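As structure tokens, the structure follows; a few thoughts come after it.
On a predicted model such as this, the values are computed, not experimentally measured, just so you know. We number each residue from 1, following the sequence as shown. Quick note: numbers below take in every heavy atom, side chains included, and nothing from hydrogens, waters or symmetry partners.
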Amino acid sequence: TLQASHAGDANHNAVASAIYTITVVHATPVVTEWPTLAAVTYGATLEQALTLVGGEASVDGEFAIIEEIESATVPNAGTYVYNVAFPPEATEKYNTVSGTVALTVNKADQVLTWDFADQTLTAGSTLTLNATATCGDVTYTLSDNDGVVTLDGTTLTAHKVGTVTLQASHAGDANHNAVASA
């Protein structure tokens, strides 16, 4: 509270006091660059993914994600937004400011394996196909067939002499990229 008054002098009367209130508030720091989160691949835990990189403000302090996060959680592929706070070190002088950062979780590559190498069959024999992919059942495709074999689900039946090319593939899912065998 500030009070102003004048007692007067030989030429002037006294002036009644005037009272002014001055309120001093916290300053708000300027964030010149919000931190970022590096993109991760599906399979990474939030503990691995939520490491803030960079960030700059006009005063000393540290950026932090403010949501409570289960660190062992593995997020699905996609983009997620997290709230970030910047509490300055000099809390008696400055306000905390907040913003957001985005986390991109990319799809993971799959691994597709066959349970056998190139095969030689005799006419009338069958072969059960058993290729596996990281995230589920595979689809089989024949090329250069010309009636040499037939494919019924996972059973390949040889009919005549010739060579065919068989490929296994998986279209991918929400968290995995498509994959095809050689």
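- Separating the CD1 atom in Ile69 from the CD atom in Glu47 is a distance of 11.0 Å, to the nearest 0.5 Å.
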For Asn95 and Thr28, what are the C-alpha separation, side-chain angles and deciding distance, and is it a side chain to side chain donor-acceptor pair (under 3.5 Å)? CA-CA 5 Å; Asn95 292 314; Thr28 300; 3.1 Å; yes
Walk me through it: do Thr157 and Val149 pass the test side chain to side chain contact (heavy atoms under 4.5 Å, CB included)? CA-CA 5 Å; Thr157 303; Val149 296; over 6 Å; no
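- For Thr154, the side-chain hydrogen bond (donor to acceptor under 3.5 Å, both in side chains) criterion is met by no residue, not counting sequence neighbours.
- Heavy-atom minimum distance, Ala14 versus Ala7: CB-O, 3.3 Å.
- Between Leu166 and Leu129, the closest side-chain pair of non-hydrogen atoms falls below 4.5 Å.
- Val138 and Ala133 get closest at one heavy-atom pair: CG1-CB, 3.7 Å.
- Put simply, the side chain of Leu37 does not reach to within 4.5 Å of the side chain of Thr51, judged on heavy atoms.
- Clustering ILVMFWY residues whenever any of their side-chain heavy atoms sit less than 4.5 angstrom apart, transitively, puts Val111 in a cluster other than the one holding Val179.
- Side-chain contact between Thr91 and Thr96 is absent, with no heavy-atom pair separated by less than 4.5 Å.
- Ile19 shares a hydrophobic cluster with no other residue; no ILVMFWY side chain has heavy atoms under 4.5 Å from its own.
- Screening residues 69-88 for side chain to side chain donor-acceptor pair (under 3.5 Å), with sequence neighbours left out, gives Glu67-Asn83, Asn76-Asn175.
- Atom CD of Glu89 is separated from atom CG of Asp60 by 5.0 Å, given to the nearest 0.5 angstrom.
- For Asp115, the CG atom sits in a packed shell: over 12 heavy atoms of surrounding residues, nucleotides or ligands are nearer than 6.0 Å.
- Residues Asn130 and Thr132 meet the side-chain proximity criterion, which asks for heavy atoms closer than 4.5 Å.
- Of the possible polar contacts, none joining the Thr122 side chain to the Ser125 backbone as a donor-acceptor pair under 3.5 Å is found.
- Put simply, the side chain of Thr32 does not reach to within 4.5 Å of the side chain of Ser58, judged on heavy atoms.
- Thr128 places no side-chain N or O within donor-acceptor distance of the main-chain N or O of Thr155, the cut-off being under 3.5 Å.
- Asp146 CG to Thr163 OG1: the interatomic distance, rounded to the nearest 0.5 Å, is 11.0 Å.
- Leu103 has its side chain within reach of Val40: a pair of non-hydrogen atoms, C-beta onward, lies under 4.5 Å apart.
- Across every non-hydrogen atom of Ala158 and Leu121, the tightest pair is CB-CB, 4.0 Å.
- Once rounded to the nearest 0.5 Å, the distance linking CG of Leu156 with OG1 of Thr150 reads 7.0 Å.
- Within the structure, ring-ring contact (aromatic ring centres under 6.0 Å, His included) contacts touching residues 123-163 (residues at least two apart or in different chains) are Trp114-Tyr140.
- Closest heavy-atom contact between Gln110 and Gly172: NE2-CA, 3.6 Å.
- The heavy-atom pair separating Ala85 from Ile66 by the smallest distance is CB-CG2, 3.3 Å.
- Residues Ala131 and Leu112 approach most closely at CB-CD2, 4.4 Å, considering heavy atoms.
- Between Cys135 and His170 the shortest side-chain heavy-atom distance falls below 4.5 Å.
- Contacts classified as ring-ring contact (aromatic ring centres under 6.0 Å, His included) and involving residues 31-52 (residues at least two apart or in different chains) are given here: Trp34-Phe63, Tyr42-His176.
- The side chain to side chain contact (heavy atoms under 4.5 Å, CB included) search around Ser5 returns Ser17, not counting sequence neighbours.
- Applying the 6.0 Å contact sphere to CG of Asp137 captures no more than 12 heavy atoms from other residues, nucleotides or ligands.
- Taking 4.5 Å as the limit, every side-chain heavy atom of Pro35 sits out of range of all side-chain heavy atoms of Val53.
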